[in-house]
Protein chains: 2
Amino acid sequence: MNLFGRKSKQPDNQNRMNEELGKKGLRMTPQRLMIIAAIEKSDNHIGADEIYTQVVEKYPNVNISTVYRTLDVLEEMGMVTKTDLGGGRVQYHPAEKGHHHHLVCRECGKITDLDEAALSVLKETLLRHYNFVADLRHMGIWGYCAKCNRQVVKEA
Amino acid sequence: MNLFGRKSKQPDNQNRMNEELGKKGLRMTPQRLMIIAAIEKSDNHIGADEIYTQVVEKYPNVNISTVYRTLDVLEEMGMVTKTDLGGGRVQYHPAEKGHHHHLVCRECGKITDLDEAALSVLKETLLRHYNFVADLRHMGIWGYCAKCNRQVVKEA
DNA sequence: TTAAATGCAAACGCTTTGCAATTGA
DNA sequence: TCAATTGCAAAGCGTTTGCATTTAA
């Protein structure tokens, strides 16, 4: 899997990326390659800090600010999606993996993906009743996962 | 309306509050009174900064840290509810007003309350399909409100 | 009297920014 | 070549904390 929705390996991936960058007069750099690789490797979501940690291992002098700047570029180019789950948790996703939501466990922190379709009913309701166009690409639902909800007092 | 779900005015309000505080060996202070007043005055939600701004007007030397500390106490006592909407927006609510959700407009920032019942179907689905106990007391849904969604390109 | 609460200043964690040096096209 | 990109250090933001002082009970 790669950021452009193809199944090809490295070289093509890079070419495609160069293309996209070129369109905007932007450049490919080793840092960007590694950041993109980290996002692709992540299964659906990853935070800036995790990306940084991964990249630093192989490229010890990257700076966290480069990670943030690259993330901004990728988002602007539509290659990654950003989700603010609240509680200081911001996650990035390969765009080609489609939109999805997150069930975040308060207990163990685990994030489970939830297909977009699961919320289509809600989206319709909000539009009809409130005239509110919900952007359900960016949503986190907090609670307790299957593993943790046995040990926790449940209300609400 | 007051934090304890009664319709009485100031004096009783204070008495009741003293009681609650007393139970835990805590004290009533002018700062706490004003902070509580600000939350009650807010119609359903208010941020720490807004509380601070309001209180400073009448009590110029309060400190923002006192606001946060009081908010913690109130939350612990079950008098206010805290919701992290993401994007650095944390809102506090008088607890007696019941649980509700928030439709947050990306364009104008407006927050619309949404009744808890509106999401009960979703909650059921998540429990059945994912064994996930969703805490829908704390949720923000981002998108575009009725006023703004006319001027904005809509996808998803 | 005395523990709780406050103001202040400093630190926090995450993110952003200014700038001079570096580097890809 | 030369603008885009980087690393670095500093700042920004909302929030938290340590501590000496004040204050409610």
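Proteins come first, then strands; the chains are lettered A, B, ... in the order of their sequence lines, and each starts at number 1.
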To the nearest angstrom, how far is Asp84(B) atom CG from dC14(C) atom P? 14 Å

Partner of Leu119(A) under side-chain contact (heavy atoms from CB on, under 4.5 Å), picked from Leu136(A), Leu126(A), Thr125(A), is Leu136(A)

Between dA5(C) (C1') and Lys24(B) (NZ): distance, integer Å: 16 Å

d(CD, Glu20(B); P, dA25(D)) in whole Å: 15 Å

Taking the side chain of Thr70(A) as heavy atoms from C-beta outward, which of dT6(C), dG7(D), dT6(D) is closest to it? dT6(D)

Tyr52(A) OH to dT6(D) P: how many Å, rounded? 14 Å

Contacts of type ring-ring contact (aromatic ring centres under 6.0 Å, His included), residue His45(A), not counting sequence neighbours: His102(A)

Is there a continuous path of hydrophobic side-chain contacts, each under 4.5 Å between heavy atoms, that joins Val67(A) to Val90(A)? yes

Whole-Å distance separating the CD atom of Gln31(A) from the P atom of dA4(D): 17 Å

Hey, any chance Val80(B) and Tyr52(B) share a hydrophobic cluster, counting ILVMFWY side chains that come within less than 4.5 Å of each other, even indirectly? yes

Ranking dT6(C), dT2(C), dC2(D) by distance to the side chain of Arg27(A), first place goes to dC2(D)

Identify the residue among Asn44(A), Thr83(A), Asp43(A) that makes a side-chain hydrogen bond (donor to acceptor under 3.5 Å, both in side chains) with His93(A). Thr83(A)

Might you point out which heavy atoms bring Tyr59(A) and Pro30(A) nearest each other, and give the distance in Å? CE1-CB, 3.8 Å

Base, sugar-phosphate, or nothing: which does Asn61(B) touch, judged by heavy atoms less than 4.0 Å apart? sugar-phosphate

Between dA5(C), dA25(D), dG7(D), which nucleotide gets closest to the side-chain atoms of Met28(B)? dA25(D)

Can you check nucleotides 16-22 of chain D for protein contacts, nitrogen or oxygen pairs under 3.5 Å, and list what you find?
{"residue": "dG18(D)", "atom": "O6", "partner": "Arg69(B)", "partner atom": "NH1", "Å": "3.3"}

Between Leu21(B) (CG) and dA3(C) (P), how many Å, whole number? 19 Å

Could you check how far CG of Leu71(A) sits from C1' of dT6(D), rounded to whole Å? 16 Å

Tyr59(B) atom OH is separated from dA5(C) atom P, nearest whole Å, by 14 Å

Tell me whether the side-chain N/O atoms of Thr29(B) come closer than 4.0 Å to OP1 or OP2 in dA24(D). no

d(Ile35(A) CD1, Tyr92(A) OH) to nearest 0.5 Å is 11.0 Å

Does Gly22(B) reach a base, just sugar-phosphate, or nothing at all? Heavy atoms under 4.0 Å. nothing

